[in-house]
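Worksheet: the structure to be examined is printed underneath.
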Protein chains: 2
Amino acid sequence: MPVNAPRAAILRNDAPPAPSRRRKEDVCEVQCVDELKVRRARGAMPAPESVTALAATLKALGDPTRLRLATALAATELCVCDLATLLGTSQSVVSHSLRTLRQLRIVRYRKEGRVAYYSLDDPHVAALLAIGLDHVEEERE
Amino acid sequence: MPVNAPRAAILRNDAPPAPSRRRKEDVCEVQCVDELKVRRARGAMPAPESVTALAATLKALGDPTRLRLATALAATELCVCDLATLLGTSQSVVSHSLRTLRQLRIVRYRKEGRVAYYSLDDPHVAALLAIGLDHVEEERE
DNA sequence: TCGATATATGAAGGGTCCTTCATATGAAGT
DNA sequence: ACTTCATATGAAGGACCCTTCATATATCGA
């Protein structure tokens, strides 16, 4: 078994009890795992669905265009046309990007005639951006 | 000029004053831009370098594997071996992922003999994850 | 109703990057 | 010194996705 094989089975208890005195090269096992710490960390982790959803949200905000849209909307409500002007990009890019943000509930919009006004969906997003900016702007030694 | 062309030049003042009474089909211009709002939003936005750096950070955390690593490390310090076991993935994936997080100052590590213990680099990251989780776990109507 | 405007969407191409496999480095034990 | 173990790293391929171009939908004005 290659060294880099997944190590999930190690902590599962559905395997028969290990025979004693087996040789190291016969089993796929690592020696340095602190099973107690691993179990505790696993217990402290959020639900897998939450992690998946958060990953999708962060990935969406991880794109420069979409992040610029979000930071712009953190200041004020703007229409697609304003956003295209502000970013210096095409209406198509803005619209596609806003759709992604919309589907992830990061932004919301209201329509007024032909004009669609976008804004951040909820205060968490603005808070997340603020903390993220604090992080990246932090002084390093 | 196509409809979806970039609209950056509109707000720049380096162009000669527009001749009066020019016909609409001769110029590349949108009508619905609220220039005042755009300027205000632009002024409120963080520095471009900050946005770029934040995008890189969020993109890194937007990968499920790396996000799971980060949430695990939010609970406690763990070594590479623990993390591979916890995630049920290979040591190679964990090591590559940790390198990305390390380069972005999201995690840090200390070496003790052969073992590398990783932890979150600073409290901002944990706060960001907590707010992000609040966001995705929020009840929707 | 016809044209113009604002926005949305579909398809496609090209670049990015995540995973895998293989190997390297470096420390500890014998 | 040599082996073993923990971790790091390089290369490659295949999937994913961002941008662009083209077009569709819908609203307003004449």
Name the residue from B:L133, B:L58, B:T57 that meets the side chain to side chain contact (heavy atoms under 4.5 Å, CB included) definition with B:L128. B:L58
Could you state the atom-to-atom distance from CZ of A:R99 to C1' of D:dC17 in whole Å? 13 Å
Mapping A:E112 and A:K59 onto DNA chain D by nearest heavy atom, which one lands closer to the 5' end? A:K59
Fit a plane to each ring of A:Y109 and A:Y118, take the angle between them on a 0 to 90° scale, and name the class: parallel (under 30°), tilted (30 to 60°) or perpendicular (over 60°). parallel
Terminal axis angle for the helix from C:dT1-D:dA30 to C:dT30-D:dA1, five pairs an end, nearest 10 degrees: 30°
So, does B:R66 get its side chain near the phosphate of C:dC18, meaning an N or O under 4.0 Å from OP1 or OP2? yes
C:dG26 P sits how many Å from B:Y109 OH, rounded? 12 Å
Of the non-hydrogen atoms in A:D82 and B:V33, which two are nearest, and what is the gap between them? OD1-CA, 3.3 Å
Salt bridge check: are A:R105 and B:E138 linked by an N-O gap of less than 4.0 Å? no
Base, sugar-phosphate alone, or nothing: which one does A:Y118 contact when heavy atoms must sit under 4.0 Å apart? sugar-phosphate
Please report the distance, rounded to the nearest Å, between CZ in B:R110 and P in C:dA27. 16 Å
Is the phosphate of C:dT9 approached by A:R102 (side-chain N or O, under 4.0 Å from OP1 or OP2)? yes
Decide yes or no, distance alone: a donor-acceptor N/O pair under 3.5 angstrom between the base of D:dT20 and the side-chain of A:S90. no
Given D:dT20, D:dT7, D:dC18, identify the nucleotide with an atom nearest to the side chain of A:D63. D:dC18
Examine D:dA26: is either OP1 or OP2 under 4.0 Å from a nitrogen or oxygen in the side chain of A:K111? Give yes or no. no
Using side chain to side chain contact (heavy atoms under 4.5 Å, CB included), reason through A:M45 and B:L86 one step at a time and then give a plain yes or no. CA-CA 10 Å; A:M45 285 180 69; B:L86 179 50; 4.2 Å; yes
On DNA chain D, does the nearest nucleotide to B:L98 precede the nearest nucleotide to A:G113 from the 5' side, or the other way round? Give the residue. B:L98
Per-pair stack call B:H96 and D:dT9, 5.5 Å, 30°: yes
Between the base of C:dA6 and the side chain of A:Q91, is there any donor-acceptor pair under 3.5 Å? no
Rounded to the nearest 0.5 Å, the CZ atom of A:R39 sits from the OG1 atom of B:T85 at a distance of 11.0 Å
Mark yes when over 12 heavy atoms from residues, nucleotides or ligands other than B:R102 sit less than 6.0 Å from its CZ; otherwise mark no. yes
Euclidean distance, B:K37 NZ relative to A:C79 SG, rounded to 0.5 Å: 6.5 Å
Suppose we call a contact any N or O donor and acceptor under 3.5 Å apart; does that hold for the side chain of B:S92 and the base of D:dT9? yes
Whole-Å distance separating the CZ atom of A:R68 from the P atom of D:dT19: 11 Å
Under 4.0 Å from OP1 or OP2 of D:dT19: is there any side-chain N or O of A:T65 that close? yes
Check the pair A:V107 / A:D121 against side chain to side chain contact (heavy atoms under 4.5 Å, CB included), numbers first and verdict last. CA-CA 4 Å; A:V107 304; A:D121 185 88; 5.6 Å; no
Which heavy atom of A:L101 sits nearest to which heavy atom of A:A60, and what is that distance? CD2-CB, 4.3 Å
Gap between atoms CG and P, on A:L104 and D:dC17 respectively (whole Å): 11 Å
Within residues 46-57 of chain A, find the residues that approach DNA chain C with a heavy atom at under 4.0 Å, and present them sorted by residue number. none
Quick one: B:L61 CG to C:dC18 C1', roughly how many Å, whole number? 16 Å
d(CG, A:D34; P, D:dC5) in whole Å: 19 Å
Can you tell me how far C1' of D:dT4 sits from CZ of B:R114, to the nearest Å? 7 Å
